[in-house]
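Some notes on the structure that comes next.
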Amino acid sequence: MKPPKPQLQNTMTWPQRFLIIAVLAWFGLLILGPAVALARRAFAPGVGAVFKALTDPDAIEALLLTAKITVVVTISNTIFGIAMAIVLVRQRFWGRRIVDGLLDLPFAVSPVIAGLMLIILYGPKSTIGSRLESFGFPIVYHLPGMILAGMFVTLPLVVRSVAPILEEIGSDQEDVASTLGADWWTTFHRITLPTIRWGVAYGAALVVARSLGEFGALLVVSGNIIGRTQTATLYVHDQIESFEPHGAYVMSIVLATVSFCILVGLETIQNSVRRREYAAEAKEDGQGPIRQMRRH
Amino acid sequence: MQIKILDERHNLLHIKVLSLVSGLIALWCSGCGAGASVESSISDRLTLGAFSVTREVFHDGLIPAFQKVWFEKTGRSLKFEESYLASGALSRAIGGGFDADVAVFSLDPDVEPLVKAGLVDQTWNAGPSKGHVTRSLVVIGYRPDNPHKIQDWRDLAKPEVSVVYADPKTSGGARWNILAAAAGGYWPDSTEPASGNRNTASAESLLAAVQKRVSVMDGSGRQSLATFLRNSGDAIITYENDLVQCQRLTGRQMPYVIPNRSLWIEIPAVEVVGTTKKNGRSETAKAFLDFLKTPEAAAIWAEYGFRPATGSGQVQGLPSVPKGVVTVAQLGGWKKAREAVFGIDGLWSRGFLKEKSRDANTPKASGK
Amino acid sequence: MSSTVDQRRTSIYGKLLRWGCLLYLGVVLIFPLSGVVLRAVSAGPSRIWSEVTNPFAWHAIMLSLSTAIVMVLISVFTGTATAWVLARYEFPGKGLVNALVDLPFAVPTIVTGLMLVAMFGPTSTLGVVLSGFGTPVIYEQSGIVLALLFVCFPFVVRSVQPVLENLDPAEEESAATMGASRWTIFRRVTLPALFPSIVSGAGLSFSRALGEFGSVVMVAGNRPMSTKTAPLYVYGEVEGFNMEGALAVSLVLLTCSLVSLIAVSKWAERQG
């Protein structure tokens with residue numbers, strides 16, 4: 001599909017070599033160097049120390065809390081993201097463009113300000129917050145507030161990775177399915193979902209990575225209580241204060257590795273599956289899902 | 001053939017997604033369940049919120065000691081939940097619903113919003129120690145062998161010295177530190193520290209000169225010390241106890257000097273009545289606060305570099321207290337002192353603005 | 001297309017779905033946003049104005065804007081160069097570099113801060129060398145730019161790279177057969193094709209940089225009137241019980257990044 005690349009390898013001129021070297025040097029200095037420096041600090045005292053830092057009860061609590069928040073945020077924002085994308089692409093209603101614009105807002109809002117927003121609206125001094133708290137459901141400085149913060153900062157990710165796919169495939173196949181008598185759920189999970197699934201997965205992976213690493217909003221919203229509202233990133237922040245910040249380095253490496261593996265792993269799987277699907281579709285004159293429906 | 005394979009794969013995917021989702025939900029629920037069961041198995045709990053500098057003395061010293069006392073007295077174990085925050089953040093968090101039972105702040109004004117909100121008794125500062133459980137001194141820490149010969153506030157203004165302290169916006173400790181420097185400016189060694197003979201001009205120039213040498217202003221006093229340990233700065237303005245603890249824990253030499261005109265840091269601890277009434281921990285909280293004032297606790301405080309809340313403040317093993325040390329009351333009380341130094345028109349703030357206008361005139365002025 | 005859309009509008013499930021989405025959006029995004037605006041309105045415009053124009057707030061806002069602009073200017077060059085090298089050349093380690101470009105998106109921002117301090121900080125060899133030359137990076141304004149460069153590195157690369165990969169080489173080749181030099185080809189043929197994606201990458205970087213907190217808090221030094229950026233200022237005011245001050249600066253920041261995002265997308269629309 002792609003035009004063959006200009007085979008510059010043999011005929012590479014000096015300016016080109018220089019450009020490559022310059023880019024690699026910049027990359028090394030800015031991205032690779034700091035990552036390696038951090039890893040070196042984390043592993044300098046030996047594997048035993050790393051293990052000890054990881055099994056610190058506070059570290060485990062923090063990781064568990066981060067996992068909880070990430071799971072809830074990912075599930076709810078993925079469901080919302082799919083639904084919102086369908087609504088935005090397939091429906092026309094008053095205010096659609098406003099909603100569309102608002103969705104990008106979390107990209108533009110500083111996480112600290114996101115935290116501030118939640119405190120102002122749901123904080124115990126606000127009308128809503130005090131009402132909810134009197135029902136025994138406090139938000140800010142408790143888990144619900146932290147989940148809300150995570151939802152806020154990751155809100156656009158799934159929508160923005162699903163909507164373009166929906167737009168691109170159009171609604172023809174869905175229409176055919178419903179004329180054939182399929183109800184909306186069958187149409188959704190037999191037609192729509194399979195076509196958008198990689199968009200969903202990519203968006204969800206971004207949500208996971210982003211909520212694992214969220215810091216600014218949580219700092220404002222959580223109260224940072226060790227063993228209760230201290231997430232992994234807040235633990236890092238807290239450990240920097242201690243005289244031996246080794247725990248911070250180790251936790252940082254854990255967080256960075258997990259989210260990086262999720263992103264890279266997803267991209268790899270996605271590429272290989274896409275390649276296979278292209279091959280399959282080419283054999284099948286591009287009507288895959290509809291034919292399956294008829295077979296059924 | 002092809003179609004069938006595709007079909008199976010789709011079903012497989014659904015099953016996988018479903019099982020993943022349900023697995024995660026199960027995990028989440030079991031997490032909650034586990035939390036609840038731990039809660040019920042422990043009879044007594046106490047949530048302590050304290051400002052960041054007191055982390056070690058509570059976590060390693062006072063809390064284990066009190067747990068022992070409590071167990072001997074009641075036969076029940078006591079579990080602590082601890083949170084160490086910058087003092088202002090702690091006050092805001094408690095005002096905002098963080099259910100600490102006992103709170104330790106770095107300065108009195110952080111208690112006031114809680115008194116106003118009805119979360120802390122109005123009588124919290126009655127009694128001989130005025131609600132304070134311990135004291136410390138503002139000191140200047142320097143590098144071993146004191147290469148820059150730092151002895152007093154004025155030495156921090158030397159152009160080759162770089163200084164670290166925390167941001168007074170977020171750190172109560174930093175407010176103490178800067179107030180102490182202001183006191184050093186108000187009353188040079190020879191003068192009597194009375195409100196009548198304050199030298200405001202000298203205080204302003206001293207604060208501006210020191211601030212000009214500052215390289216990092218971290219969020220809390222403890223972060224500031226961690227930064228100093230990472231080789232930033234030639235001098236640090238901080239609490240005496242913080243340097244003592246740091247030397248004890250890291251084995252690094254942390255020499256310091258108490259400037260002749262230093263300031264007593266008075267540390268208040270309160271029962272957050274708003275919380276303890278709700279969860280019935282008032283008795284435990286009071287017992288803990290009382291314990292903090294016992295001789296047994298005093299020994300632990302001293303071991304971690306704090307000085308007693310009342311009396312001369314002399315402690316064996318710590319340098320003697322210079323004569324010129326003042327209290328915040330001599331600075332006119334917190335409200336006045338704060339306004340005079342940190343207000344938008346205060347000495348410290350004015351220093352920046354002057355600096356700024358000077359920079360604008362001579363654009364090549366040093367970035368520090 | 002439009003007829004099928006209209007038909008769908010009548011579906012009850014569709015309406016339910018829409019209202020469900022809007023409710024979620026309301027709880028998470030719209031209500032908090034309007035809460036902030038209401039609070040600002042109730043504080044009064046004069047109060048907000050005086051909070052914004054107080055020299056400390058003003059300096060913080062200006063510092064955020066200027067560091068973001070400097071970062072974007074550098075990032076446009078390095079990002080395009082990186083995308084170019086990745087799209088056009090083969091070299092050992094290319095796969096690794098390509099994967100690691102996304103690292104700044106994956107790494108928590110506070111970890112970014114730690115990384116940069118570990119590499120350039122006063123305890124590192126590089127940091128010692130740098131301050132030996134009288135140009136320390138960490139705790140200076142250049143440190144802020146460095147952190148922003150790291151955090152925003154993928155934006156320009158990832159928006160230019162796909163365009164470059166799908167660019168039809170015919171035009172470049174025909175220009176080459178007409179005897180144009182490589183530089184002329186780049187300037188007259190390739191660059192115009194890349195320009196929209198460069199601008200969109202730059203716009204995203206800019207608005208992200210304005211709000212960046214976690215990494216900057218570690219490397220900035222946080223000195224008022226010197227290295228305290230607007231998000232750090234907002235955090236300080238929240239902690240210092242000055243909600244109005246935090247609000248005022250937040251509103252300015254919000255406006256700036258929204259304007260930059262909208263301007264870029266409008267501009268892209270006009271370019272077709």
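Nothing here was measured: the structure is a model prediction, and the numbers come from that model. FYI, side chains are in, hydrogens and waters are out, and symmetry mates aren't considered; it's all heavy atoms of this structure. Protein chains get the first letters and strands the later ones, always in sequence-line order, with residue 1 at the start of each.
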Using heavy-atom distances under 4.5 Å, tell me whether [X] contacts chain A through its side chain, its backbone, both, or neither.
X	result
L17(C)	both
V249(C)	neither
I74(C)	side chain
V238(C)	side chain
T123(C)	both
P231(C)	both

Are [X] and [Y] side-chain neighbours, meaning at least one heavy-atom pair lies under 4.5 Å?
X	Y	result
F153(C)	F27(A)	yes
V234(C)	S110(A)	no
P32(C)	Y122(A)	yes
R182(C)	Q16(A)	yes
P34(A)	F120(C)	yes
V23(A)	V97(C)	no
R41(A)	S124(C)	yes
V236(A)	M218(C)	no

query: For the residue pair F215(A) and F213(C), does the interplanar ring angle fall in the parallel (under 30°), tilted (30 to 60°) or perpendicular (over 60°) class?
result: parallel
query: What is the ring orientation for F80(A) with Y24(C), classed by angle as parallel under 30°, tilted 30 to 60°, or perpendicular over 60°?
result: parallel
task: Looking only at non-hydrogen atoms, find the nearest pair between R18(C) and R92(A) and report the distance.
output: NH2-O, 4.4 Å
field: Worked check of side chain to side chain contact (heavy atoms under 4.5 Å, CB included) between I120(A) and L247(C)
entry: CA-CA 10 Å; I120(A) 286 181; L247(C) 263 177; 4.0 Å; yes
Would you mind checking which part of [X] comes under 4.5 Å of any heavy atom in chain C, side chain (CB onward), backbone (N, CA, C, O), both or neither?
X	value
I119(A)	side chain
L88(A)	neither
L19(A)	both
L29(A)	both
N77(A)	both

- prompt: Any idea which of A35(A), P245(A), G115(A), G216(A) has the most non-hydrogen atom pairs under 4.5 angstrom with chain C?
  reply: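 If we count pairs closer than 4.5 Å to chain C, A35(A) comes out on top.
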- prompt: Between P106(A), S252(A), C261(A), which residue shows the highest count of heavy-atom pairs closer than 4.5 Å to chain C?
  reply: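 That would be S252(A).
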